[in-house]
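Since the structure comes first, as structure tokens, the remarks are kept for the end.
Just so it is clear: chains get the letters A, B, ... in the order the sequence lines come, proteins before strands, and each one is counted from 1.
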Amino acid sequence: VSSQQFCALTDVLFRFLTEPKEVERFLAQLSDFATMNKISLGPLKSIVKSVLLVPSGALKRNLSSEQVRADFIALGLSEEKASYFAEQWKLNSPALTRLAVSQTLMINQLIDMEWKFGVTAGSSELEKVGSIFLQLKLVIKKGGQMENVYMELTLPQFYSFLHEMERVKTSLESFS
Amino acid sequence: QLVSALHNLTRHVVYRGLTKPEDILALFPENFHQNLKNLLTKIILENVSAWRNEAQASQISLPRLVDMDWRVDIKTSSDNISRMAVPTCLLQLKIQEDAALCGNNPVVSAVTVELSKETLDTMLEGLGRIRDQLSAVANK
């Protein structure tokens, strides 16, 4: 595989890594590459599979681009190609790391929050009430499914909830 | 019959939100015993605000928030990445089902939610908007 072809292939690989949902596009680009360069698709796919293992292993072990380059040279790739790959790795690693972090296990992740508030006008016990209530709906991802949690808060509860959440934010920020 | 009449009287007072003694006195019939009328009015007045609060606390509503706790964790590694330092927040909300449905044994369920920093920021934005809307309503 010539250097130019290798560079083009590397670009395709990294584009897929940064957008892992674009599987169809990746496969289409691979077959385009194969026909353009007169390589058969089967062996190309298996080479690509093994090449893809390198970045994910590197991500797992937080390798620097130097180490990625050394790994590739150890695997038998020419220096020029290894350097190109390592360069691409350096450019893409923040995005790839962010992607991996976002795929980290999250328990009961909060997906959405809706609210409405209003005034209780009257009830069967009290003719005129006029008290303000806040209703919150939290959409939570439990395992694979979404669950809706509904709750009502009085005004003082809302203000202390807001206060607590601001404390959480300060705490999270001090740790980043 | 007496208890039932008293019950109706107090419910009426609470319902209407009567707070002035004249209003309550006006409820009694013409030839009611004067001292008894004054005594009853005095007792009712003393209890009216407590009764109102209790009625409000036990009115039908969606499940109510009774308590909340939070903690901040730092994720240090996962199966995708062996080393990282990502802070995350765990929030536990204790929610009590509608008091009217449960009678004397309210069911309290706990919901634990995990929030990333981005989710928390978005949530705070939403809560800030609620606060602004509330002050707009209060100032009208």
Side-chain angles (χ1 to χ4, degrees), chain A residues 56 59-62 97 99-115 117-120 122-129 131-138 140 147 149-155 157-162 164-169 171-176, chain B residues 11 14-17 51-52 54-56 58-66 68-72 74-75 77-91 93 95-96 98 109 111-124 126-131 133-134 137-138:
Chain A
S56 50
L59 201 54
K60 253 193 229 198
R61 291 171 289 145
N62 270 347
T97 320
L99 206 59
V101 169
S102 69
Q103 285 167 348
T104 319
L105 184 67
M106 275 203 101
I107 309 186
N108 288 355
Q109 190 180 10
L110 180 67
I111 308 282
D112 196 19
M113 175 173 91
E114 284 172 30
W115 75 83
F117 64 87
V119 180
T120 308
S123 77
S124 48
E125 309 276 306
L126 307 162
E127 190 181 28
K128 287 200 271 280
V129 179
S131 60
I132 303 183
F133 62 86
L134 175 70
Q135 287 174 352
L136 276 186
K137 169 181 154 189
L138 302 175
I140 300 178
E147 184 181 311
V149 176
Y150 297 92
M151 66 184 97
E152 202 170 286
L153 286 83
T154 63
L155 275 198
Q157 279 177 322
F158 166 70
Y159 284 115
S160 74
F161 184 66
L162 178 58
E164 288 300 309
M165 290 292 106
E166 282 178 349
R167 283 177 70 196
V168 175
K169 177 173 163 141
S171 176
L172 281 181
E173 274 175 356
S174 72
F175 284 118
S176 327
Chain B
R11 278 193 66 169
V14 170
Y15 185 74
R16 283 304 181 82
W51 286 332
R52 262 190 87 84
E54 201 190 305
Q56 214 165 340
S58 57
Q59 72 190 5
I60 53 170
S61 70
L62 286 183
R64 293 198 193 157
L65 182 70
V66 289
M68 76 166 259
D69 280 323
W70 59 266
R71 86 174 191 214
V72 167
I74 311 253
K75 301 196 225 205
S77 71
S78 81
D79 59 336
N80 283 336
I81 308 188
S82 61
R83 245 185 40 217
M84 55 181 181
V86 177
T88 184
C89 167
L90 284 168
L91 177 66
L93 301 164
I95 300 178
Q96 183 182 55
D98 191 354
S109 59
V111 176
T112 309
V113 179
E114 186 171 344
L115 303 163
S116 68
K117 187 158 181 308
E118 291 76 31
T119 318
L120 179 71
D121 285 337
T122 314
M123 184 194 226
L124 273 174
L127 292 178
R129 258 180 285 153
I130 298 179
R131 186 192 47 207
Q133 288 173 353
L134 279 173
V137 166

Shorter than 4.5 Å, heavy atoms on both sides: which option in B:Leu134, B:Thr88, B:Leu93 has the most such pairs with chain A?
B:Leu134

Proximal component of B:Leu91, with respect to chain A [non-hydrogen, under 4.5 Å]:
side chain

Between B:Thr119 and A:Leu110, which heavy-atom pair has the shortest distance, and what is it?
CG2-O, 3.7 Å

Side chain, backbone, both or neither of B:Ser109 within contact of chain A (heavy atoms, under 4.5 Å):
neither

Contact summary for B:Arg131 and A:Phe158, nearest pair of heavy atoms
N-CZ, 3.9 Å

Is A:Val149 close to chain B through its backbone or its side chain, or both, or neither, when contacts mean heavy atoms under 4.5 Å?
side chain

Highest number of heavy-atom pairs under 4.5 Å with chain A among B:Leu90, B:Ile95, B:Val66 belongs to B:Ile95

Tell me which of these, A:Gln109, A:Arg167, A:Met151, A:Glu166, has more heavy-atom pairs under 4.5 Å with chain B than the rest.
A:Met151

d(B:Gln133 CD, A:Leu134 CG) to nearest 0.5 Å is 9.5 Å

Less than 4.5 Å to any heavy atom of chain A: does that hold for the side chain of B:Glu118, its backbone, both, or neither?
neither

Side-chain (A:Gln157) to main-chain (B:Leu65) donor-acceptor, under 3.5 angstrom
yes

Nearest heavy-atom pair of A:Leu172 and B:Leu120: which atoms, and what distance?
CD1-CD2, 3.7 Å

What part of A:Ile140 lies closer than 4.5 angstrom to a heavy atom of chain B: side chain, backbone, both or neither?
side chain

With a 4.5 angstrom heavy-atom cut-off, which part of B:Ser77 approaches chain A: side chain, backbone, both or neither?
neither

List the steps and the verdict of side chain to side chain contact (heavy atoms under 4.5 Å, CB included) for B:Thr122 and A:Met113.
CA-CA 9 Å; B:Thr122 314; A:Met113 175 173 91; over 6 Å; no

To the nearest 0.5 Å, tell me how far A:Tyr159 OH sits from B:Ile130 CD1.
10.0 Å

Between B:Cys89, B:Pro87, B:Ser116, who has the most heavy-atom pairs with chain A when the cutoff is under 4.5 Å?
B:Pro87

So which part of A:Glu147 gets closer than 4.5 Å to some heavy atom of chain B, the side chain, the backbone, both or neither?
neither

Could you look at B:Met68 and say if it's the side chain, the backbone, both or neither that has a heavy atom under 4.5 Å from chain A?
side chain

So which part of A:Gln135 gets closer than 4.5 Å to some heavy atom of chain B, the side chain, the backbone, both or neither?
side chain

Under 4.5 Å from any heavy atom of chain B, what part of A:Leu138 do you find: side chain, backbone, both or neither?
side chain

What part of B:Val72 gets closer than 4.5 Å to chain A, counting heavy atoms only: side chain, backbone, both or neither?
side chain

d(A:Phe133 CZ, B:Arg64 CZ) to nearest 0.5 Å is 11.0 Å

Nearest non-hydrogen partners of B:Leu115 and A:Met106, listed with the distance
C-CE, 4.1 Å

